[in-house]
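First comes the structure, then the notes that go with it.
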Amino acid sequence: MNFDNESELKNGNIQIDETAAKKEKKRKLKAEIIDWVKTIFFYCVIPVAIFECFFFVANVPTGSMETTVPTGSQVITTRCFNKDNVERGDVVVFYSEELDMVLLKRCIGLPGDAVEFDGEGNTYINGEYYDESYVSSYSDFEGSFEVPEGCYFFCGDNRRSSFDARFWDDPYIEKENVKGIARFIVFPFGSFGLVD
């Protein structure tokens, strides 16, 4: 009788040990899954969320910014939260209501500026010659513009082949339509680097 009790006790211990082992295995699996979820969250979700909040990728389908930004480029752009921070010479991504599309051009005129093109490829800002070493082709366009307060004036670096503010019915882009400032070309790889 004692032998049977001992046998039952041993079998009971085996069952208890197996149950404890299963529980421990489940606990370890759960802990491992939680670790994986945390890792994915901290190394994937948070960086993507931060990127989406502060940056975006702009695609450049035309050659209007050659050779600064080649045709077909993908450009990392910082979102512009304070639209007053745009400076003359910045390469800016903005929305054109007239064309109903997002464009990437260089800021030539700030609010209140007088911008003049003399027909010989020279640009004057507020009556003073403005050196544009980034311009890759010159145009014989002649005309002058008064940039209203709260607006910017944008042109392409490839002046001969750029359909920009010089030719629009409304050449001025309101600050609220500024999306961001182009910073870094990530594609094509041959042009990888900072946007100057």
* Got a donor-acceptor contact below 3.5 angstrom from the Asp90 side chain to the Glu87 backbone? -> yes
* Structure fact -> Here the pair of heavy atoms bringing Ile185 nearest to Val69 is CD1-CA, 4.2 Å
* Is there a donor-acceptor pair under 3.5 Å between the side chain of Glu142 and the backbone N or O of Phe117? -> no
* Asked: Can you name the residues that form a ring-ring contact (aromatic ring centres under 6.0 Å, His included) with Phe192, not counting sequence neighbours?
  -> Phe184
* Contact summary for Lys105 and Ser162, nearest pair of heavy atoms -> NZ-OG, 3.4 Å
* To do: May I ask you to check whether over 12 heavy atoms, not counting those of Glu24, lie within 6.0 Å of atom CD?
  => yes
* Answer whether the closest heavy-atom distance between the side chains of Asn85 and Asn82 falls below 4.5 Å. => yes
* **Co-membership, hydrophobic cluster, residues Phe189 and Val75, 4.5 Å side-chain** => no
* Asked: Just checking, any donor-acceptor pair under 3.5 angstrom between side chains of Thr78 and Arg183?
  -> yes
* Asked: How long is the gap from CG on Asp170 to CD on Glu98, to the nearest 0.5 Å?
  -> 6.0 Å
* **CZ-OG distance between Arg160 and Ser139, expressed to the nearest 0.5 angstrom** => 8.0 Å
* To do: Rounded to the nearest 0.5 Å, what's the gap from CG on Leu104 to NZ on Lys179? Could you check?
  => 14.0 Å
* Pairwise side-chain contact, Phe163 with Leu99, heavy-atom cut-off 4.5 Å (strictly under) -> yes
Donor-acceptor pairs under 3.5 Å, side chain of residues 147-158 to any protein atom, not counting sequence neighbours: which ones?
residue, atom, partner, partner atom, Å
Tyr152, OH, Lys83, O, 2.5
Asp157, OD1, Arg106, NE, 2.9
Asp157, OD2, Thr68, OG1, 2.5
Asp157, OD2, Arg106, NE, 3.3
Asp157, OD2, Arg106, NH2, 2.8
Asn158, OD1, Ser137, OG, 2.4
Asn158, ND2, Gly63, O, 3.0

* **Polar side-chain atom of Glu116 near backbone of Gly143 as donor-acceptor pair, under 3.5 Å** => no
* Does one hydrophobic cluster hold both Val102 and Phe56, with members joined at side-chain heavy-atom distances below 4.5 Å? -> yes
* Asked: Would a 4.5 Å heavy-atom cut-off, applied to side chains only, mark Arg79 and Phe54 as touching?
  -> no
* Structure fact -> In terms of heavy-atom contacts, Tyr124 and Gly127 come closest through CD2-O, 4.2 Å
* Report yes if the side chains of Tyr95 and Met101 come closer than 4.5 Å at any heavy-atom pair, otherwise no. => no
* So, do Ser64 and Ser161 sit near enough that their side-chain heavy atoms are less than 4.5 Å apart? -> no
* **Cation over ring face, Arg159 and Tyr138, 6.0 Å, 45°** => no
* Check: Glu66/Thr71 side-chain N/O donor and acceptor closer than 3.5 Å -> yes
* Structure fact -> Smallest heavy-atom separation, Val92 atom then Cys107 atom, equals CG2-CB, 4.4 Å
* **Heavy-atom closest contact (Gly109 atom, Val115 atom, distance)** => CA-CG2, 3.9 Å
* Minimum heavy-atom separation for Cys80 to Val86, with atom names? -> SG-CG2, 4.1 Å
* Matching residue for Met65 among Val91, Leu103, Val195 - test: side chain to side chain contact (heavy atoms under 4.5 Å, CB included) -> Val91
* To do: Check salt bridge (charged side-chain N to carboxylate O under 4.0 Å, His left out) between Glu128 and all other residues, then give those that pass, not counting sequence neighbours.
  => none
* Asked: Are any of the side-chain heavy atoms of Ile125 and Ile108 separated by less than 4.5 Å?
  -> yes
* Asked: Between atom NZ of Lys175 and atom OH of Tyr172, what is the distance when rounded to the nearest 0.5 Å?
  -> 15.5 Å
* Interatomic spacing from NZ in Lys26 to NZ in Lys30 - rounded to 0.5 Å -> 11.0 Å
* Say whether Ile76 and Ile181 are linked into one hydrophobic cluster, either directly or through other cluster members, by side-chain heavy-atom distances under 4.5 angstrom. => no
* Determine, using the 4.5 Å side-chain heavy-atom cutoff (strictly less than), whether Val57 and Phe55 are members of one ILVMFWY cluster. => yes
* Asked: Below 4.5 Å, heavy atoms only, C-beta onward: do Phe145 and Asp113 meet side chain to side chain?
  -> no
